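Just so it is clear, the structure is predicted and the values come from calculations on it, not from any experiment. For ligands, and for the atoms within them, numbers begin at 1 and follow the listed sequence.
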Amino acid sequence: MPTHLTIHTAEPGPVIDRHIFGHFAEHLGRCIYDGLWVGESSPVPHVRGWRRDLVAALKQIQIPNLRWPGGCYADDYHWRDGIGPREKRPRRINAHWGGVVESNAVGTHEFLDLCEQLGCEPYLAGNVGSGTPRELREWVEYCNATAGSLAEERAANGHRDPWKVRLWGIGNENWGCGGNMTAEQYSAELRRYSTYTRDFPGAPLMRVGCGANGDDFRWTDVVMRDGAKGPFGGPMIQGLSLHYYTVPGSWARKHPASPFDAAGWKTVMALGWKMEAIVRGHRAIMDRYDPSGAIALVVDEWGSWYEVEPGTNPGFLYQQQTVRDAVLAALTLNIFINHCERVRIANLAQTVNVLQAVALTEEGGGRLVLTPTWDVLGLYLPHYDAKRLPVHSDAATLQHDGLSYPAVSATASLAADNSVTVTVCNTDPAASVEITLALTGRTPAVADARVLASSLLTACNTFDQPRAVTTRPLDGVRVNGQRVSVTLPPGSVAALHFA
Ligand code: AHR
């Protein structure tokens, strides 16, 4: 039985904000050091310390924003540690992640230089857990002010012009590593910190409050009620975050990234699809307090989280990526696109060498490998800032371990050049699926069709076989009037582009 997808091309909906394809780089394991940053004396080719091949790979998928410096690290980070001459910066212990010595070689100037090299927006996470409103206020002023002592200090440190950083997180996971606060406590802190997190000329801020852990809907309810507005109704935040990871097994005994069998594949799909109910639930609460949709839902940490690879530091969260993670990425991005009225920023955790990374680098070495998740982000490029199109699907619902998820998940968008892109994934690891697409209101001409799939479900890219899993042309696309038919292989992600 084919799956029928009807795409209403004459009914463009809201814009799919390119920022939902954002990334996250924490001072954790080998994400920054020995990942993105190799340092200025490294034999690995770099531009001012940032690894050249990695920057090029991230530019290829046009990463729109990069969140930094954490994560849990953010609420233990004091920005003054990372400015001024590098050799004079304090060496701290990264207590959250492996207890390693943090040299502070990468600080504000270096990170913002990386964002300039990438052509992406920085998203700085402020310290609420162990910081002060004054410290956060001064960091904003240091980055964004045009005059005054902090702007002069910035200039003396090498950057005369303000960076005009727009995206600021007011803490991270303050219900946990960011201070173990209650929602009521955090709401009060949020109002205090937001008050002093000021706009400077030409640099209005988007303040992102710390949102819930997964399906903790009470947290969102309390923060929207008590923290999102000041006593006179003025807005305290423009965004509220949400963190949800796909963790097969339990936090104490996570499954490995590989090997896994068909049941292991399904577990990840089913847990990943929980994101749909989680986003829906938070969105409903936000709709109640903020019916105009002014406050964005910012899913600034998402992705798969497995047991670390054998022999690696448990505090470094280094894991492989298989084709299963690529399908998980597509499934999740489709959820964000389907809720793009409210979900306007999201950040995959994390960029390199940590969790669901888009790239892995050889420890202390020069080789780089791009994961299948990187390829999926490439397939989604045409959705950036395009208008979402309604998709009606009769896809079957699959059941696993008491959870359900769709056998086929699809999204579509209309770009400014009037082209239509349909991204679709087959979540079934064992069966191919025949898809028929009806594009109402137009006679489709297929400009491009690509697919990511592998006959081996555990297939991954390695330093020896760096492109074992990648996209290839999707063969067998048949057009008959307004209808398009194609067969998707088991466990695959495809993008079809219609001129
Ligand atoms: O991404 C790894 C960690 O996961 C982050 O530091 C934290 O915010 C979350 O718990």
Quick one: look at [X] and ligand 1, take heavy-atom pairs under 4.0 Å, and tell me if it's side chain, backbone, both or neither.
| X | result |
| --- | --- |
| V354 | neither |
| F24 | side chain |
| W302 | neither |
| H96 | neither |

Strictly by modelled atom types, are S413 and H383 linked by a side-chain donor-acceptor pair under 3.5 Å? yes

Assess whether side chain to side chain donor-acceptor pair (under 3.5 Å) is satisfied between S492 and N426, documenting all intermediate values. CA-CA 5 Å; S492 61; N426 175 9; 4.6 Å; no

To check your reading of the model: name the closest protein heavy atom to atom 4 (O) of ligand 1, its residue, and the distance in Å. E301 OE1, 3.2 Å

Could you find the nearest protein heavy atom to atom 1 (O) of ligand 1 and give me its residue, atom name and distance?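 Here the nearest protein heavy atom works out to Y245 OH, 2.7 Å.
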
With heavy atoms of [X] as the reference, note each atom of ligand 1 found under 4.0 Å away.
| X | answer |
| --- | --- |
| L355 | 1 (O), 2 (C) |
| E173 | 7 (C), 8 (O), 9 (C), 10 (O) |
| Q350 | 1 (O), 2 (C) |
| C72 | 5 (C), 6 (O), 7 (C), 8 (O) |
| G71 | 5 (C), 6 (O), 8 (O) |
| N172 | 8 (O) |

Sidechain N-carboxylate O distance under 4.0 Å for [X], [Y]:
| X | Y | answer |
| --- | --- | --- |
| R191 | D226 | no |
| R467 | D375 | yes |
| E40 | R86 | yes |
| D81 | R92 | yes |
| R283 | E341 | yes |
| R166 | D199 | no |

